[in-house]
Amino acid sequence: MSGKYCRKIVFFLYKKMRNLSGKKFCVCALLILVFIQFVFSADLSKNRLSDIPSEVCHLVALETLNLYHNCIRSIPDSIIALQSLTSLNLSRNQLGSLPSCLCGLPLRVLNASNNKLVNLPETIGQLHGLMELDISCNEITALPRHISRLKALKELNVRRNLLCVLPEDLADLPLVKFDFSCNKVSTIPVCYRKMRQLQSLQLENNPLQSPPAQICIKGKVHIFKYLSLEACRSEKMPDSLYLPVMERLSFPRPYTGR
């Protein structure tokens, strides 16, 4: 059932209640309670909403909430009441930040793309069941360190942000799709070669130096080979540091008595 019809039904019942008393009032209130227990999906997209309607946070059985393409500037703390919510679409709004309470929901899919986000809450790591995270087309300069706690994350989209550095801890996540194109990243961490489950890697439009552009354009296989070679080189580096010193040393010849 779409959010548009949900709201109409709830408002209709509320209006009816104003003119009722006694048993009829109780019956109408009961109908509302029964109704909100059976609303599993709400679509409020393209409604020019500046706020999330308070009625939405009473739909305690809600599993999917679509708020795409509105004018929402903030998320109310009351959204924590939606303890069945697994999919939330906040894309194309005017959000400057995401509240910490959002990380207390059982989300599996979170889309906050095309907003005005400059960072993510440090509590993002509490979304243990999150499988898809889309924060593309924002103004994020760095990913929080606790993002590495998202052990169920399969898809991560950070395209078109202001990222300069990729966290090394992302290598520990079971990512299948990773898009960090159109950022300011110059280096891919060597440990990313351990991303064995990665199938799709989008990295174009970054000032990459390691791996160099001529390697990157060849695709994931060549990128991972480069990272593996760099890892081997760095592991051997401590020993090689001594070579120039050894070459400069001159050892005296053994005394022969002549």
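Just so you know, these numbers use all the heavy atoms, side chains as well, and skip hydrogens, waters and symmetry mates. Just so you know, residue 1 is the first one in the sequence shown, and it goes up from there. Since the structure is predicted, the reported quantities are computational estimates derived from the model, not experimental observations.
Enclosure of atom NZ in K194 is not indicated, since only 12 or fewer non-hydrogen atoms of other residues, nucleotides or ligands lie within 6.0 angstrom. No more than 12 heavy-atom neighbours from other residues, nucleotides or ligands sit within 6.0 angstrom of CZ on R160. Counting heavy-atom neighbours within 6.0 Å of Q83 CD, excluding the residue itself, gives a total above 12.
Using a 4.5 Å heavy-atom threshold, the side chains of R159 and S181 count as touching. Looking at heavy atoms from C-beta onward, R149 lies out of side-chain contact with L127 at the 4.5 angstrom threshold. With a 4.5 Å cut-off on side-chain heavy atoms, L150 and I124 count as touching. For the pair R145 and E122, the minimum side-chain heavy-atom distance is below 4.5 Å.
Atom CZ of R92 and atom OH of Y68 lie 5.0 Å apart (nearest 0.5 Å). Atoms CZ and CD, on R233 and E230 in that order, are 4.5 Å from each other to the nearest 0.5 Å. Between the NZ atom in K177 and the CD atom in E155 there is a gap of 4.5 Å [rounded to 0.5 Å]. Summarising the geometry, atom CD belonging to Q197 is positioned 8.5 Å from atom CG belonging to L175; distances are rounded to the nearest 0.5 Å.
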Determine all donor-acceptor pairs shorter than 3.5 Å in which one atom belongs to a side chain in residues 129-138; sequence neighbours excluded.
{"unit_1": "D134", "atom_1": "OD1", "unit_2": "S136", "atom_2": "N", "d": "3.0"}
{"unit_1": "D134", "atom_1": "OD1", "unit_2": "S136", "atom_2": "OG", "d": "2.7"}
{"unit_1": "N138", "atom_1": "OD1", "unit_2": "N115", "atom_2": "N", "d": "3.1"}
{"unit_1": "N138", "atom_1": "OD1", "unit_2": "K116", "atom_2": "N", "d": "3.3"}
{"unit_1": "N138", "atom_1": "OD1", "unit_2": "L117", "atom_2": "N", "d": "3.0"}
{"unit_1": "N138", "atom_1": "ND2", "unit_2": "A112", "atom_2": "O", "d": "3.1"}
{"unit_1": "N138", "atom_1": "ND2", "unit_2": "I135", "atom_2": "O", "d": "3.0"}
{"unit_1": "N138", "atom_1": "ND2", "unit_2": "S136", "atom_2": "O", "d": "3.1"}

Table please: side-chain donor-acceptor pairs of residues 93-108 below 3.5 Å, with sequence neighbours left out.
{"unit_1": "N93", "atom_1": "OD1", "unit_2": "N70", "atom_2": "N", "d": "3.3"}
{"unit_1": "N93", "atom_1": "OD1", "unit_2": "C71", "atom_2": "N", "d": "3.4"}
{"unit_1": "N93", "atom_1": "OD1", "unit_2": "I72", "atom_2": "N", "d": "3.1"}
{"unit_1": "N93", "atom_1": "ND2", "unit_2": "L67", "atom_2": "O", "d": "3.0"}
{"unit_1": "N93", "atom_1": "ND2", "unit_2": "L90", "atom_2": "O", "d": "2.9"}
{"unit_1": "N93", "atom_1": "ND2", "unit_2": "S91", "atom_2": "O", "d": "3.2"}
{"unit_1": "Q94", "atom_1": "OE1", "unit_2": "R73", "atom_2": "NH1", "d": "3.3"}
{"unit_1": "Q94", "atom_1": "OE1", "unit_2": "R73", "atom_2": "NH2", "d": "2.9"}

Under 3.5 Å donor-acceptor pairs involving side-chain atoms of residues 210-221, not counting sequence neighbours:
{"unit_1": "S210", "atom_1": "OG", "unit_2": "Y226", "atom_2": "OH", "d": "3.4"}
{"unit_1": "K220", "atom_1": "NZ", "unit_2": "L198", "atom_2": "O", "d": "3.3"}

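Criterion: ILVMFWY side-chain heavy atoms under 4.5 Å apart, direct or through other members. Under it, L143 and Y192 are part of a common hydrophobic cluster. I188 and V190 fall into different hydrophobic clusters, where Ile, Leu, Val, Met, Phe, Trp and Tyr residues are linked whenever their side-chain heavy atoms come under 4.5 Å apart, directly or through other members. Taking hydrophobic clusters as Ile, Leu, Val, Met, Phe, Trp and Tyr residues chained together by side-chain heavy-atom distances below 4.5 Å, L166 shares a cluster with L208. Follow the hydrophobic side-chain contacts under 4.5 Å out from I223 and you never reach V176; the two are in separate clusters.
Smallest separation of non-hydrogen atoms from L163 and N183: N-OD1, 3.0 Å. Taking both residues in full, the closest heavy atoms of P53 and L44 are given as CD-CD1, 4.2 Å, listed atom of the first, atom of the second, then distance. Nearest heavy atom pair, residue D169 against residue S148, reads CB-CB, 3.2 Å. Taking all atoms of both residues into account, the shortest heavy-atom contact from G125 to H128 is O-CE1, 3.2 Å.
For residues 145-165, there are no ring pair (Phe, Tyr, Trp, His ring centres under 6.0 Å) pairs, not counting sequence neighbours. Here ring pair (Phe, Tyr, Trp, His ring centres under 6.0 Å) pairs that include residues 156-179, with residues two or more places apart or in two chains, are F178-F180.
With sequence neighbours excluded, no residue forms a side chain to side chain contact (heavy atoms under 4.5 Å, CB included) with S186.
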